[in-house]
Asks: 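Have a look at the structure that comes next, please.
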2 protein chains.
Amino acid sequence: MSSATARQKEPGKDHKILNGRAVGQSIREKVADKVAALKDANWHPRLVSIAIGAAEPAKLYIRNQRRVADKLGINFDDRHYGEETTREEMLAAIAALNADPSVTGILIQRPVPKHLSIKELQAAVHPLKDVEGMHPASIGNIVYNDLILGPCTAVAAVEMLKATGLALPGLEVVVVGHSEIVGKPIAFLLMSEGATVTVCHHMTRNLTVHLRRADAVFVAVGKPQLITGQMIKPGAALIDIGINQIQAEDGSSKVVGDADYETCHDVAGWITPVPGGVGPVTVSILMRNVAKAAELQKRHYEKQYGEATFVADA
Amino acid sequence: MSSATARQKEPGKDHKILNGRAVGQSIREKVADKVAALKDANWHPRLVSIAIGAAEPAKLYIRNQRRVADKLGINFDDRHYGEETTREEMLAAIAALNADPSVTGILIQRPVPKHLSIKELQAAVHPLKDVEGMHPASIGNIVYNDLILGPCTAVAAVEMLKATGLALPGLEVVVVGHSEIVGKPIAFLLMSEGATVTVCHHMTRNLTVHLRRADAVFVAVGKPQLITGQMIKPGAALIDIGINQIQAEDGSSKVVGDADYETCHDVAGWITPVPGGVGPVTVSILMRNVAKAAELQKRHYEKQYGEATFVADA
């Protein structure tokens, strides 16, 4: 059997396939230790999730986040606001969470209703509670090689490349897609690690020329099967961040990435499946950020008020 | 005569040479209009320059900044702090300037004494007064395609490329040097304009391979004559941000860029001289930021307190 599904089911049989569940698991083990240590010091990490409006698409994500948070001992506080909530009400709600010392992380689920700006809401979250790594200051800190709280998907994608064991200094990397929350942050993260990075996008004149010389390719554009095996260098690492719902031949719907898995699998040295690749790592990075944010706040309070004078858990 | 000096002296005779003085001049004309409009509205832009310690290297820059500010009608307030000033004293001084509504821009001269961190001081400046564009939030905003206050040298270098008239969407650009204040910001600025950008640095395996395919090259590494004519593509635009003091053959000292001007001039389609290229544009961008910052603060105050209830100029 040569179908992608068969391969994904037997990861042990194909060294090429980067298993996101395994990478995520090993990250979560370290997070669990951190959370336990924080609790011992009376700092219980507490993540507040904000969903606004119907937010049907977010439901699956929220359920998954709650499940992972529960396992790690992180309090997960799931809040829903009505479709009609105004900008001023949301900013006030975020300001209240910023000021509440028992809240150590704030997560705004996408999408938000059209009358609100996700960017504005995310910039309203205090940088020390910005567990999504989306505040302009969080992004700026990456540029400054100061990875405090990085954007979850970008950090997860880079973790997948690290799982190959390839040495990053001098590695020729091509990132396809220059979105603010995935493509560009991946580029800075890799520059900080010493890779030579090219960012391609829909205006790039000859994508294949760039892809053929790349030791590693990241793709995050939301176009199913954009990258085919013929376009990449034999032995390259292919990290696929796309999540696209398409109709299979039998009429059922299935989820695929931005790369054509069949042809790329044969040419690549390493490849991430979709699903089961970057996705499961992303939620682990989110929880790592939650633990890190709680640590940062603990340190901040201790510096301001001295140790053990403040108890986060009411 | 074929010497670089001769060419620079007769810019009209060589269309290849990007004249920084002319580009800077046209930027300053627009800034002068902005400053005049701000003054009419009783908002006098006021830039406070902070030099700490002996800061001999900064003296020339400060004198030049004052001269340009004076011409534009910007108040230039030149402050000097002793070598022994503590971190706490500096942070308090910056906090006081942040709180003072008559101060619309704060500029921290480099270098600072070793016991201080330039990064920490710059991050202490309020983002609305960060005329150097160095605050993490300012950098993050560029990544978000939101050029509010950009880092002066990077913005100046991009202005020089724009002066060629080349269309940026799809342009193949190679940036040599991945510093936080020049190389990386140039990369994001160009990505926002639709260019395909590769960032190279000392860990890049084969710099020439990248350079030979580039429509435009930016170099900012501080290595005299790193880039030679053989390494670039005929007709490419070469923007040289390096400023290096070297000894000429006759023993005198002279300032050169990171490119070998003689050989690159013959191959390039456009080239920036050093001195007289990016340098004179940088101070113009600084002053543009000063005017922009004053405008932003004006808008911010009007939003908070209503129009014309606040007069910046005491």
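Just so we're on the same page: letters track the sequence lines, and every chain starts at 1. Please read these numbers as outputs of a predicted model, since none were measured by experiment.
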Asks: I'd like to know which of B:Val173, B:Thr204, B:Thr198 tops the heavy-atom pair count under 4.5 Å against chain A.
Replies: B:Thr198
Asks: Taking all non-hydrogen atoms of both residues, which atom of A:Ser192 and which atom of B:Lys184 are closest, and how far apart?
Replies: OG-NZ, 3.7 Å
Asks: What are the two closest non-hydrogen atoms of A:Ala137 and B:Pro136, and how far apart are they?
Replies: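 Reported closest heavy-atom pair: O-CB, 3.9 Å.
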Asks: More than 12 heavy atoms of other residues, nucleotides or ligands under 6.0 Å from NZ of B:Lys223: yes or no?
Replies: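 Incorrect, the count does not exceed 12.
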Asks: Between A:Pro185, A:Cys200, A:Ala195, A:Ala187, which residue shows the highest count of heavy-atom pairs closer than 4.5 Å to chain B?
Replies: A:Ala195
Asks: Applying a heavy-atom distance below 4.5 Å, give me the residues of residues 154-165 of chain B that approach chain A, sorted by number.
Replies: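 Within residues 154-165 of chain B, near chain A: nothing under 4.5 Å.
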Asks: Relative to chain B, which segment of A:Val143 carries a heavy atom at a distance below 4.5 Å: side chain, backbone, both, or neither?
Replies: both
Asks: Shortest non-hydrogen contact from A:Pro169 to B:Met203?
Replies: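 Scanning both residues, the minimum pair turns out to be CB-SD, 3.7 Å.
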Asks: Over all heavy atoms of both residues, which pair between A:Asp215 and B:Arg205 is shortest? Give the atoms and the distance, please.
Replies: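 Minimum heavy-atom separation between A:Asp215 and B:Arg205: OD2-NH1, 4.2 Å.
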Asks: Which heavy-atom pair separates B:Tyr144 from A:Glu180 by the least distance, and what is that distance?
Replies: CD2-OE1, 3.3 Å
Asks: Between A:Ala123 and chain B, which part of the residue has a heavy atom less than 4.5 Å away: side chain, backbone, both or neither?
Replies: neither
Asks: Around atom CD of B:Gln230, are there more than 12 heavy atoms from other residues, nucleotides or ligands closer than 6.0 Å?
Replies: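 No, because the 6.0 Å sphere around CD of B:Gln230 holds 12 heavy atoms or fewer from other groups.
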Asks: Tell me, for A:His202 versus chain B, whether the close heavy atoms (under 4.5 Å) come from the side chain, the backbone, both or neither.
Replies: neither
Asks: Decide yes or no on side-chain contact (heavy atoms from CB on, under 4.5 Å) for B:Arg213 and A:Arg213, but give the supporting numbers first.
Replies: CA-CA 13 Å; B:Arg213 64 172 178 77; A:Arg213 63 170 178 77; 3.4 Å; yes
Asks: Among all residues two or more places apart in sequence or in another chain, which pass the ring pair (Phe, Tyr, Trp, His ring centres under 6.0 Å) test with A:His201?
Replies: A:His178
Asks: Within the supplied structure, the quantity of interest is the number of heavy atoms (other residues, nucleotides, ligands) at a distance under 6.0 Å from A:His115 NE2; does it exceed 12?
Replies: yes
Asks: Can you name the nearest heavy-atom pair linking B:Val199 to A:Thr196, along with the distance?
Replies: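 Answer, listing the atom of B:Val199 first, then A:Thr196: O-CG2, 3.6 Å.
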